[in-house]
Amino acid sequence: MPPSYADRLLTWFDDHGRKHLPWQQPRTPYRVWVSEIMLQQTQVTVVVDYFTRFMTRFPSVESLASAQVDDVLSLWAGLGYYARGRNLHKAAQVLCEQHAGKLPADLAGLEALPGIGRSTAGAIVSMGFDQPAPILDGNVKRVLARHAGIDGWPGRSAVARQLWALAEDRLPSGRFADYSQASMDLGATVCTRHAPACHACPLNADCVAHRSHRTHELPAPKPKANRKRRRSQLWLIRNEQGHYLLERRPPVGIWGGLWSLPEADDATTPPLALVEPPRPGPVLVHELTHFTWELCPMSALARGAQAIADGDNMSWYAPDNLPGVPAPIRRLIEEDRAP
DNA sequence: AATGCGGGGTC
DNA sequence: GACCCAGCATT
């Protein structure tokens with residue numbers, strides 16, 4: 001029986017883990033808590049000096065609770081996410097009023113405090129009290145997503161559920177503090193976002209992403225928020241037989257090789273003579289991965305019996321007998337035929 | 001489920 | 001300049 005995931009990670013940690021970070025000496029619940037709050041969405045190298053200054057000024061829960069919030073925030077200046085500092089101060093006061101100045105050793109008690117969510121609570125339970133609890137920070141998400149081959153952006157709740165379940169399942173039977181630290185250390189130093197050192201990873205033997213050469217695409221990145229917009233004008237031209245003018249698209253690119261409505265590079269010059277001035281039709285919005293494509297049709301009736309400018313790539317088609325036409329374009333034609 | 005919060009590191 | 005970082009609270 002090969003060593004378990006957790007055992008391999010812990011053995012690796014003994015040789016290669018980080019053991020001299022400021023909050024690890026000494027490693028108390030209070031120091032773990034403060035460090036975890038500072039480390040939310042903030043890199044280790046940035047936090048180190050802030051943490052050291054903070055501990056000098058506020059060495060205990062009581063000293064923090066009795067401070068003015070402005071004094072706390074002045075030490076936070078430059079770290080960003082200042083609600084973290086305010087919540088830290090507020091939570092210290094709650095601890096002094098309701099918990100005798102001690103941090104709870106259980107997840108529910110910790111998560112009831114402002115600024116402490118599921119992952120930070122798990123970090124305090126495991127690293128502050130050496131008790132079993134999973135964490136799921138950016139490092140652990142990356143390690144788990146790669147090792148188990150989890151697709152999808154971890155920000156999606158379905159993906160997050162899978163990752164939390166994995167984190168829970170893989171907890172060791174002891175050394176809980178070292179295990180949490182090891183999980184983050186592996187992500188920070190070996191299973192890095194760019195160019196992971198898989199040759200040095202204790203989990204490479206059964207890592208799905210490594211074996212399938214997909215480390216570079218896992219975990220999946222956050223989807224693009226605001227895509228570029230592109231606008232094209234289309235000619236929606238019908239002749240007196242009720243046929244529509246279609247144009248074959250270039251073989252590569254979007255809808256490559258399919259038939260579509262002629263794209264107008266010159267909005268004022270139709271590809272053939274019209275009976276009446278064209279009128280704008282309903283704008284078609286087509287979402288693609290990298291941009292939003294707005295297709296603005298100009299609808300018109302063509303004069304009969306005239307040569308088509310580009311006869312090889314342009315032709316009339318009956319709407320009930322269309323060739324390979326993308327569905328959105330097909331709908332556009334249908335709507336124009338029977339409004 | 002999506003968004004705001006922030007300064008800094010990295011490619 | 002885009003993307004991400006030991007996430008959480010709010011909507």
Side-chain angles (χ1 to χ4, degrees), chain A residues 9 13 17-24 27 29 31-51 54 73-91 94 107-108 110-128 133-146 152-161 163-164 167 176-196 215-228 289-291:
Chain A
L9 202 42
F13 175 77
R18 294 179 292 187
K19 304 177 187 72
H20 302 287
L21 295 167
W23 42 91
Q24 295 178 300
R27 189 169 61 191
R31 292 165 64 87
V32 169
W33 172 40
V34 173
S35 69
E36 285 301 322
I37 300 300
M38 287 187 170
L39 286 160
Q40 288 169 4
Q41 297 290 278
T42 310
Q43 296 182 354
V44 171
T45 54
V46 176
V47 166
V48 168
D49 288 340
Y50 284 91
F51 178 83
F54 198 92
L73 291 178
S74 73
L75 279 185
W76 210 272
L79 256 190
Y81 286 146
Y82 298 97
R84 294 183 297 173
R86 284 190 291 272
N87 284 335
L88 195 65
H89 180 241
K90 175 63 180 170
V94 172
L107 293 176
L110 288 165
E111 287 184 60
L113 295 167
I116 299 182
R118 187 171 176 185
S119 188
T120 299
I124 296 172
V125 168
S126 59
M127 294 192 291
I135 59 172
L136 194 64
D137 70 334
N139 289 307
V140 177
K141 287 175 187 169
R142 188 167 55 251
V143 171
L144 291 176
R146 284 176 175 168
W153 177 52
R156 278 181 32 195
S157 59
V159 178
R161 263 200 307 279
L163 294 172
W164 273 112
F176 306 108
D178 286 348
Y179 178 77
S180 282
Q181 187 63 50
S183 301
M184 293 188 287
D185 288 355
L186 189 77
T189 66
V190 172
C191 194
T192 50
R193 192 158 68 87
H194 299 293
T215 53
H216 63 288
E217 55 189 53
L218 293 178
K222 177 185 171 75
K224 288 264 175 281
N226 42 356
R227 296 186 277 241
K228 309 277 188 202
T289 314
H290 46 301
F291 62 91

Peer 1: With a non-hydrogen cut-off below 4.0 angstrom, is A:Leu79 in contact with a base, only sugar-phosphate, or nothing?
Peer 2: base

Peer 1: Mind checking what makes ring pair (Phe, Tyr, Trp, His ring centres under 6.0 Å) contact with A:Tyr179, not counting sequence neighbours?
Peer 2: none

Peer 1: Taking N and O atoms by type only, does the side chain of A:Thr45 place a donor or acceptor under 3.5 Å from a partner on the base of B:dG8?
Peer 2: no

Peer 1: Side chain of A:Trp23, heavy atoms from C-beta onward: which of C:dA6, B:dG6, B:dG9 has the nearest atom to it?
Peer 2: C:dA6

Peer 1: Where the side chain of A:Thr120 is concerned, which of B:dG8, C:dC8, C:dC4 is the nearest nucleotide?
Peer 2: C:dC8

Peer 1: Counting heavy atoms from C-beta on, name the nucleotide in C:dA6, B:dG6, C:dC4 closest to the side chain of A:Asp137.
Peer 2: C:dA6

Peer 1: Taking atom C1' of C:dA6 as reference, at what distance in whole Å does atom CD of A:Gln181 sit?
Peer 2: 9 Å

Peer 1: Given atom CD of A:Gln41 and atom P of C:dC4, what is their separation to the nearest angstrom?
Peer 2: 11 Å

Peer 1: Ignoring the backbone of A:Tyr81, work out which of B:dG8, C:dG7, C:dA6 is nearest its side chain.
Peer 2: C:dG7

Peer 1: If we take the P atom in both C:dA6 and B:dC5, what is their distance in whole Å?
Peer 2: 22 Å

Peer 1: Test of understanding: with side chain to side chain contact (heavy atoms under 4.5 Å, CB included), list the residues that count as partners of A:Thr120, not counting sequence neighbours.
Peer 2: A:Glu36, A:Ile37, A:Gln40, A:Ile116, A:Ile124

Peer 1: Choosing from B:dG6, B:dC11, C:dC4, which nucleotide comes nearest the side chain of A:Arg193?
Peer 2: C:dC4

Peer 1: Classify A:Ser119 by what it touches in the nucleic acid, base, sugar-phosphate, or nothing, heavy-atom distance under 4.0 Å.
Peer 2: sugar-phosphate

Peer 1: Determine: side-chain N/O of A:Gln43 to OP1/OP2 of C:dC5, distance under 4.0 Å, yes or no.
Peer 2: no

